[in-house]
Amino acid sequence: MEGADEFTKYRSPLVSRYASKEMAYNFSDRKKFTTWRKLWIYLAKAEKALGLPITDAQTLEMESHAEDIDFAMAAEEERKLRHDVMAHVHTFAHCCPTAAPIIHLGATSCYVGDNTVILISFIYTKHCRLNYSRDHVSSGLMCVIDRLANFAESYADLPTLGFTHYQPAQLTTVGKRACLWLQDLVMDMRNLQRARDDLRFRGVKGTTGTQASFLQLFQGDHDKVEELDRMVTEMAGFKKAYLVTGQTYSRKVDIDCLSTLASLGATVHKICTDIRLLANLKEIEEPFEKEQIGSSAMPYKRNPMRAERCCSLARHLVALMADPLQTASVQWLERTLDDSANRRISLPESFLTADIILSTLQNITEGLVVYPKVIERHIRQELPFMATENIIMAMVKAGGNRQDCHEKIRVLSQEAAAVVKQEGGDNDLLARVQRDPYFTPILGQLDNLLDPKTFIGRAPQQVLRFLSEEVRPLLEPYKAKMDVKIELEL
């Protein structure tokens, strides 16, 4: 049964289970090979414009068959030729018999191979709209930043227990903590923008990057060869091409681009780990569907499965960074083919994984649930200890001796800690202070001294300034793309 065949062979979960339809299509064979054909059309048009004997009929024929790919024929040609580019040259030529003599004229395989990778994976070009990945990742990241910024603003002044070493520390606010996440995401966005702006087209460089074949085609006219490179680069939507290449563009380009995605993976892993820790404390939870099951054995559970998915895939994204680093380090002289099989996996998987974790994180940030009463209870359990310095200062202002007060507080604190740690009781330090006649001069101040909002410093002001100066301006160009909410198929 043809319909059952898909279940008899391995399917990448990145595509079959997680990736968006758009990103899955972006790395499909159809997208890849139609992009090859568009590059051949650009080359033919530029060569014709510069005087080579290519006719309008030939370029029109190529354009009319740009989407007409016989994949079965291409597969059969590749089985015979053991060369994927030549297989598709023959397949294209079969449906373009008039243009057949000039398809791929003067070019090497990397003309379509490398330029397609740049177009599909690394850069969004408004001119020809060939690309999807980088712009999609940027837009997805902006959506996450937007949702998290709204969350941070809503909870800018809600006190919460801070943690260092995952031990209770001075108070912060829920919004301020979200800004720590936001700041890392903003850095990732700037890295993506920088990598995109630095990227160039490979262009038309020939077999070893010397453009010798094109110089021969144009009978030694260097100006025409340079103009050919410029014209094709412009047709593809780029302002610049790399001035020097081997047969390939430098594989350092892959490092530069994929390092931004790996860095994003580290950010998402940290954010989602924090969410998982907060879920354990029952302070903040990711969205949970009405009929969702947390555990097959424990019906009460609300596992943070979205955040866990993000952490799981983010580790894969970070690990993929090793591939371009090692590939670039072992490229011999003008090129070696041991990059090819590796890049077929590492490049698409990096973008697919980044797309998945961003869409999942967007879904999480669109439905984060905060439990202020639980947060308040945790503060009450720890705040009396944190308020001891305030109590000492108040007593000194009321005429007390600092050393005497310090000793009183030290003894009462240890007694209260014993109740918490050894008896499993609540923190009763405040009650002990209230019962001790020594502290009578400040009993009327205790409520103010223990007001959580007096322990959060400038956290609310930091949130508002950070959002207004660094986050909102970054979001402005993307406003039109940030309306769609993410519904996950779990």
Side-chain angles (χ1 to χ4, degrees), residues 151-181 273-286 288 300 302 304 368-398 400 405-463:
F151 177 84
E153 188 170 19
S154 297
Y155 295 98
D157 60 355
L158 179 63
T160 190
L161 200 60
F163 287 88
T164 59
H165 314 277
Y166 202 44
Q167 302 301 312
Q170 195 174 67
L171 301 192
T172 182
T173 69
V174 172
K176 172 63 189 299
R177 179 177 283 146
C179 283
L180 297 179
W181 302 337
T273 298
D274 284 356
I275 292 172
R276 292 164 65 190
L277 292 170
L278 293 168
N280 172 260
L281 297 174
K282 297 181 174 61
E283 292 189 357
I284 293 179
E285 288 183 341
E286 66 179 36
F288 199 85
Y300 62 88
R302 291 179 58 138
L368 281 174
V369 182
V370 178
Y371 297 104
K373 293 298 182 182
V374 177
I375 292 172
E376 182 183 345
R377 185 173 76 246
H378 290 158
I379 291 174
R380 285 200 309 269
Q381 290 170 349
E382 302 294 340
L383 193 58
F385 293 139
M386 297 177 193
T388 53
E389 186 66 20
N390 288 13
I391 293 172
I392 293 171
M393 292 300 101
M395 281 295 299
V396 171
K397 288 178 182 178
C405 185
H406 183 279
E407 180 60 19
K408 285 277 189 182
I409 287 288
R410 185 187 70 82
V411 172
L412 295 179
S413 295
Q414 289 187 358
E415 291 173 354
V419 170
V420 173
K421 294 179 179 179
Q422 297 175 20
E423 301 175 18
D426 292 332
N427 188 336
D428 63 356
L429 176 59
L430 180 57
R432 292 174 185 274
V433 170
Q434 289 171 327
R435 291 196 299 266
D436 192 320
Y438 177 82
F439 295 100
T440 299
I442 65 164
L443 291 181
Q445 302 178 45
L446 284 179
D447 286 344
N448 289 334
L449 292 174
L450 289 162
D451 180 358
K453 293 205 172 184
T454 65
F455 290 82
I456 60 176
R458 299 191 63 255
Q461 291 76 16
Q462 289 179 353
V463 169

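Shortest non-hydrogen contact noted between Met386 and Ala169 is CE-O, 2.8 Å. Glu286 and Leu368 make their closest contact through CA-CD2, 4.3 Å (heavy atoms, listed as atom of the first residue, atom of the second, distance). Considering all non-hydrogen atoms of both residues, Ile284 and Tyr371 come closest at N-CD1, 4.5 Å. Between Ile379 and Leu161, the shortest heavy-atom contact is CG1-N, 4.0 Å. Residues Thr172 and Ile456 come closest through the heavy atom pair O-CG2, 3.4 Å. The two residues Ile442 and Ala398 have their closest heavy-atom pair at CG2-CB, 4.3 Å.
With sequence neighbours left out, Phe151 forms a ring-ring contact (aromatic ring centres under 6.0 Å, His included) with Tyr155.
Counting heavy atoms from C-beta on, the side chains of Leu281 and Phe163 come closer than 4.5 Å. The shortest side-chain heavy-atom distance between Gln414 and Arg410 falls under the 4.5 Å cut-off. Put simply, the side chain of Val433 reaches to within 4.5 Å of the side chain of Leu429, judged on heavy atoms. In this structure the side chain of Pro452 reaches within 4.5 angstrom of the side chain of Leu383, judged on heavy atoms.
Applying the salt bridge (Lys or Arg N to Asp or Glu O under 4.0 Å) definition to pairs two or more places apart or across chains, those involving residues 379-397 are Glu376-Arg380. For the salt bridge (Lys or Arg N to Asp or Glu O under 4.0 Å) condition, the pairs that include at least one residue of residues 412-431, sequence neighbours left out, are Glu415-Arg432, Asp428-Arg432.
One finds the CD atom of Gln445 at 13.0 Å from the CE atom of Met393 (value rounded to the nearest 0.5 Å). Taking CG of Leu277 as the reference point, atom OH of Tyr166 lies at 4.5 Å (rounded to 0.5 Å). Rounding to the nearest 0.5 Å places NZ of Lys453 at 4.0 Å from CG of Asp157.
Between Ile375 and the choices Val370, Thr173, Leu278, the side-chain contact (heavy atoms from CB on, under 4.5 Å) rule is met once, by Val370.
Counting heavy atoms of neighbouring residues, nucleotides and ligands inside a 6.0 Å radius, atom NE2 of His406 does not exceed 12 of them. Counting non-hydrogen atoms of neighbouring residues, nucleotides and ligands closer than 6.0 angstrom, the CD atom of Gln434 exceeds 12 such neighbours.
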